[in-house]
Amino acid sequence: MKIQDQRGIIQSYVRIDSLGEEAYAEFKKLDAGDIIGVEGPLFVTKTGEVTVRAERYELVSKSLRPLPEKFQGLKDQEQRIRQRHLDLIMNLESRERFFNRSKIISGIRRFLEERDYLEVETPVFQNIAGGAAARPFLTKHNALDREFVLRISLELYLKRLLVGGFDRVFEIGRNFRNEGISRRHNPEFTMLELYQAYSDYRGMMELIQSLIRYLVKDVLKKTEITMPNGEVIDFLGEWKEAKYKDLVCEKVEDPNWFELSKDAKLSKARELGLEAQEDWEDYEVSNEIFGKLIEPNLIQPTFVTHLPKELCPLAKITIDDSSTIDVFELCIGGMEIAPAYSEQNDPDMQREMFEKQAGEETQNIDEDFLETLEYGMPPAGGLGMGIDRIVMLLTEADTIRDVILYPQLRS
RNA sequence: GGGCCGAUAGCUCAAUUGGUUAGAGCAGUUGCCUUUUAAGCAAUUGGUUCGGGGUUCGAUUCCCCGUCGGCCUACCA
């Protein structure tokens, strides 16, 4: 008989002569899935397996429903999610992955606390969904008789705390984006954001590299990760760094790409097999090339720097190139794992960037945030990392559904 | 939101071109066996073939609608 608990399986050997007739008769009524206690001396069988010789046993809880088949396990995706308890009982790999998720998150906390970061919690219900450009979920507070949005990022409240004098803050929290569901997207997902005063995106580079190496090496005791498609990611080697524009120019084989007219860019993009739309902005064409043709091929850890300023209104403009911002996008395994910026702390510049963006997209301007900046925000580096994605990467999962216990399904 | 594919016993899977009573392994039940690495042997129970409609002498099989799932795609600076 095999007994399984939270961390593993052990064998028990049950004989009528060591257990007694009455208890043995009870034992014979056991079903797979019953919860029992067994007491007795350990011995090693001739095949070398450590085994408990049952001298006493007790039924703790009865299982009334049959478990899935023991050898094939539970494969049906829908049941694995809707009845996650069965998945966790039957599929060791799944259970292991959630243990690792927990270890990764506590590892992040430990790492940041050692660097004097303060963990904080900020509101989920917000007036304006800021810090990103996703559609929010709406909800209503009855007593106040007013609408709220669920947050789509943690950014703006954490920056207010920088103004308040907390120099190193982080939050690990749920964000909600009213967008499609895919292998890499769940409507509610867990995000780490951190801000460090008197640092910048270069400082964040050192931090994220140290953090991820710590998670791989010290928390998970690995040196490399094999992705579901077989590619091996080496975390301990040198991490590459490349400028966004250089990558795009290299891909389109044209050093003057960014001087081309929008039409020329459009036709080249189509030549490369992309569905470029007429009404796109200039930078959107380039970004389509980056997103579709470059990012998926950045397997080894790569910092992509000097992104076009249109891509993020919350970062500082590069001093010697007004078309780019002081940011990086850390790409690993073809996924965007962590973006980081030198944070914009000039309230006038920030307003200008917001207004420019509000002209193009439908984005409300968070006046409270701008007013807060006017009190003086220290220069800072900030970083965000999708927890689900980093867990996917580090636990070699090929879908976000395997790292979220109860991901969203229809109905 | 769009496209393609799928749903058969508690679980993992079969079922010929549309043809009799939809099968197997595991689980369950009954009996035997007792150091087995998916424990063994024998017998046995178990089906609204996802739901609804249609075509047909006849539908798991073909068609339509719905539900749910998978993959791709779109939105996600």
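Order of the sequence lines sets the chain letters (A, B, ...), proteins ahead of strands, with each chain counted from 1.
Among the atoms of the strands shown, only primed sugar atoms or phosphate atoms (P, OP1, OP2) are found under 4.0 Å from some heavy atom of A:L409. Counting non-hydrogen atoms under 4.0 angstrom, A:E69 reaches a base of the nucleic acid. Using a 4.0 Å heavy-atom distance criterion, A:E78 is classed as a sugar-phosphate-only contact. When heavy atoms are screened at a 4.0 angstrom cut-off, A:D76 is found touching the sugar-phosphate backbone but no base atom. Across all strands, A:F43 comes closer than 4.0 Å to base atoms (heavy-atom distances). Within 4.0 Å (heavy atoms only), A:R53 reaches at least one base atom of the nucleic acid. At the heavy-atom level, A:Q79 lies under 4.0 Å from the strands shown only through sugar-phosphate atoms. Counting non-hydrogen atoms under 4.0 angstrom, A:L311 reaches a base of the nucleic acid. Note on A:L314: a base of the nucleic acid sits closer than 4.0 angstrom, heavy atoms only. Using a 4.0 Å heavy-atom criterion, one finds that A:R82 contacts the sugar-phosphate atoms exclusively.
Look at B:U29: its Watson-Crick or wobble partner, with both distances under 3.5 angstrom, is B:A43. The pairing partner recorded for B:U12 is B:A24, the criterion being a Watson-Crick or G-U wobble arrangement whose two distances lie under 3.5 angstrom.
The side chain of A:K292 places an N or O atom within less than 4.0 Å of a non-bridging phosphate oxygen (OP1 or OP2) of B:A74. At least one side-chain nitrogen or oxygen of A:K70 sits closer than 4.0 Å to the OP1 or OP2 atom of B:A27. Look at A:R410 and you'll find a side-chain N or O under 4.0 angstrom from OP1 or OP2 of B:G69. Checking the phosphate oxygens (OP1, OP2) of B:G70, a side-chain nitrogen or oxygen of A:R401 falls inside 4.0 Å.
Taking 90° from 0 as the syn/anti boundary, the base of B:U36 is oriented syn.
To the nearest angstrom, P of B:G70 lies 11 Å from CZ of A:R183. Atom CE in A:M90 sits about 14 Å away from atom P in B:A38, given to the nearest Å. Counting to the nearest Å, the P atom of B:G1 and the NE2 atom of A:H185 are 17 Å from each other. In this structure, the CZ atom of A:F176 is 16 Å from the C1' atom of B:C76, given to the nearest Å. Remark: C1' of B:C76 and CD1 of A:I152 are 10 Å apart, rounded to the nearest angstrom.
Taking the ring centre of A:F148 as origin, the terminal cationic atom of A:R146 falls inside the region bounded by 6.0 Å and 45° from the ring axis.
Ring geometry, A:F111 versus A:Y214: the interplanar angle falls from 30° to 60°, so the pair is classed tilted. A:H306 and A:Y201 have perpendicular rings, their planes meeting at more than 60° on a 0 to 90° scale where under 30° would count as parallel.
For B:G23 and B:A9, the P atoms lie 14 Å apart once the distance is rounded to whole Å.
Along RNA chain B, the nucleotide closest to A:V14 and the one closest to A:C312 are compared, and the more 5′ of them pairs with A:V14. Residue whose closest nucleotide on RNA chain B sits further toward the 5' end, between A:Y13 and A:L74: A:L74.
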| request: Give the C-alpha distance, both sets of side-chain angles, the deciding distance and a yes or no for side chain to side chain donor-acceptor pair (under 3.5 Å) between A:K245 and A:S323. | output: CA-CA 11 Å; A:K245 286 185 176 179; A:S323 71; 2.8 Å; yes
| request: Kindly indicate, with the supporting measurements, whether the criterion side chain to side chain donor-acceptor pair (under 3.5 Å) is fulfilled by A:N100 and A:T395. | output: CA-CA 7 Å; A:N100 282 333; A:T395 64; over 6 Å; no
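When A:W239, A:F303, A:Y244 are each tested for a ring-ring contact (aromatic ring centres under 6.0 Å, His included) with A:F328, only one passes: A:F303.
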